Amino acid sequence: MLDPKYFREELEQTATQLKKRGFVLEVEKIRALEAERKILQSQTQDLQAERNTRSKSIGQAKARGEDVAPLMTAVNDLGEKLKENELKLAAIQEQLHAIYSCVPNITHESVPVGKDETENREEHRWGKIPEFTFPVKDHVDLGVTKDRMNFDLAAKITGARFVVLKAELARLQRALIQFMLDTHTQEHGYTETYVPYLANRDSLFGTTQLPKFEEDQFFTNAEQGYALIPTAEVPLTNIFRDVIIEADQLPIKLTAHTPCFRKEAGSYGKDTRGMIRQHQFEKVELVQIVRPEDSYQAHEKLTRHAETILEKLELPYRRITLCTGDIGFGSAKTYDLEVWLPSQNTYREISSCSNFEAFQARRMQARWRNPVTGKPELVHTLNGSGLAVGRTLVAIMENYQQEDGSIIVPTVLQKYVGIEKIA
RNA sequence: GGAAGCGUGGCAGAGCGGUUGAAUGCACCGGUCUUGAAAACCGGCGUGGGGCAACCCAUCGUGAGUUCGAAUCUCACCGCUUCCGCCA
């Protein structure tokens, strides 16, 4: 959520900013609603003030033992007018809130302006792309052939876009989780956190999955309105909803491994083969809560933390800055990390690291006490995948494959897996 | 599942339906005192919104209701605690 002041005092500039994203702000509608709101609000407040003073005087008169009946009839008339105004005002505020809840964040000045993913900016590449002297297989061939990856079983148990992993591959995935958590907690200063995998609507609103992305969530049932988390960002960030954090507690750095559940509503034909796009996948998430002035430095660091995992695993990758047309709804700036996938002869997203500035914090009322002003002020929130575990598994299988279909286990993982090679 | 209780400011904790936005304590900020600190004393101190401002409005878990007037009464919901039962 943007600061309401943007809509009240700088409507035109805000609309211009948002246009970069391809978002059309309903300027005239907002202007009209805000004008109406302003009139109704001050009228309502005047009526309330009058009611308050009159009621107060009734109390005083009563205390003096006077007859209050005439005073009371005088206030009676106020009631109806007041109630009517209050209802109108509430309706307008609801409309405004509905509009504002669907307005995306304004992007940082360093974000390239562009219409779609073709205009994202590559920042750098790391690692040497492996050269194979034999026809490369994709992770499906590598996994299914030896019955360590089974999509038919998952389809039987549940449906499309799930997987069953067995033996060394199941173990390798667990090893990856362990390795990532160990690295982030021991080397990058994050606190390991265990969280619920179901989140309520307030939490989903706080991290901007609602109201715009209702269709992407798996809800348990209508009464409860709990959803399976689409990312650990939701529970981790919402820990600080309605919290005022003491200045000396910042920055807060949390990491968690969780499964993630996504309907993938808008991607029916996409990545139907293999583990790239699943309804359920494992992820290790990084979340930081920081002082506003520190958030861009924190964003660089957090992205480096994710990159470190790729480097330790010796997986070739590149970093790109998402352009204004491709960046996520709530983000002011996002780096995507893309890992090399030999079977696709291209880089594929494996991590997305975003600075939300105060966008989520405003929705959540996540604040810190600024010692300079002594007042509670909104924090900045950041998060990034560190990394998407399923895709990391895919990347390892494909990059480390041998001619005979075996897979070398990356050196840093060997102590976790207990073997050097998956035969 | 059954029974009882509780949700008030950063925390603890008062609060006859009427000058209560809310006592008191702690914490915090400023000052006096002190070589310095502590203690003591004095003053300040919730949040959100509107207004240039004086000031006004809202807010005591959430939402409805009763009333001229609700933190205080009624109902529903949410959350928490305790006891019993059940399961592990």
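Proteins come first, then strands; the chains are lettered A, B, ... in the order of their sequence lines, and each starts at number 1. All values below come from the heavy atoms of this structure, side chains included, with hydrogens, waters and symmetry mates left out. Just so you know, these numbers come straight off a predicted model, no measurement behind them.
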Distance, [atom1] atom - from [M] to [N], rounded to whole angstrom:
N	M	atom1	answer
B:C80	B:G31	P	45 Å
B:G7	B:C11	P	15 Å
B:A54	B:U66	C1'	36 Å
B:U19	B:C57	P	14 Å
B:G21	B:A38	C1'	34 Å
B:U81	B:C87	P	23 Å
B:G69	B:U20	C1'	13 Å
B:A70	B:A58	P	9 Å

In the structure shown, which nucleotide is the Watson-Crick or G-U wobble counterpart of [N], with both distances under 3.5 Å?
N	value
B:G21	none
B:U67	none
B:A58	B:U47
B:G1	B:C84
B:C52	none
B:A37	none

Which part of the nucleic acid, if any, lies within contact of [X], taking any heavy atom under 4.0 Å across all strands shown: a base, the sugar-phosphate backbone alone, or nothing?
X	answer
A:Asn52	sugar-phosphate
A:Arg362	nothing
A:Lys5	nothing
A:Pro4	nothing

Heavy-atom closest contact (A:Thr193 atom, A:Ala256 atom, distance): O-CB, 3.2 Å
Taking atom [atom2] of [N] as reference, at what distance in whole Å does atom [atom1] of [X] sit?
X	N	atom1	atom2	result
A:Leu89	B:C57	CG	C1'	11 Å
A:Ile244	B:U47	CD1	C1'	8 Å
A:Glu86	B:G65	CD	P	10 Å
A:Glu377	B:U47	CD	C1'	14 Å
A:Asp242	B:G10	CG	C1'	14 Å
A:Asn370	B:C29	CG	C1'	14 Å
A:Asp202	B:C77	CG	P	18 Å
A:Leu82	B:U67	CG	P	15 Å

At under 4.0 Å, does any side-chain N or O of [X] touch on OP1 or OP2 of [N]?
X	N	result
A:Lys375	B:C45	no
A:Arg51	B:A58	yes
A:Arg8	B:G50	yes

Aromatic contact, A:Phe261 with A:Tyr197 (centres under 6.0 Å): no
Ring centres under 6.0 angstrom apart (A:Tyr335, A:His299):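 Under 6.0 Å, so yes.
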Go through the side-chain N and O atoms of [X] and [Y] and say whether any donor and acceptor fall under 3.5 Å apart.
X	Y	answer
A:Ser295	A:His380	yes
A:Arg241	A:Ser203	yes
A:Glu123	A:Thr321	yes
A:Tyr226	A:Gln217	no

Using a cut-off of under 3.5 Å, enumerate the N/O to N/O pairs linking the protein to nucleotides 18-23 of chain B.
from, atom 1, to, atom 2, distance (Å)
B:G18, O6, A:Lys62, NZ, 2.6
B:G18, N2, A:Ser55, O, 2.9

Residue mapping more 5' on RNA chain B - nearest nucleotide basis, A:Gln48 or A:Gln365: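 So the residue in question is A:Gln365.
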A:Lys83 or A:Glu50, whichever maps to the more 5' nucleotide of RNA chain B: A:Glu50
Side-chain donor/acceptor contact of A:Gln41 with base of B:G49 under 3.5 Å: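 No, the side chain and the base share no sub-3.5 Å donor-acceptor pair.
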Out of B:G10, B:G48, B:G49, whichever nucleotide has its closest atom nearest the side chain of A:Arg367: B:G48
Whether over 12 other heavy atoms sit under 6.0 Å from A:Glu109 CD: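 Count not over threshold, so no.
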A:Glu420 CD: over 12 foreign heavy atoms closer than 6.0 Å: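 Open: at most 12 neighbouring heavy atoms sit under 6.0 Å from CD of A:Glu420.
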Cation over ring face, A:Arg391 and A:Phe281, 6.0 Å, 45°: no
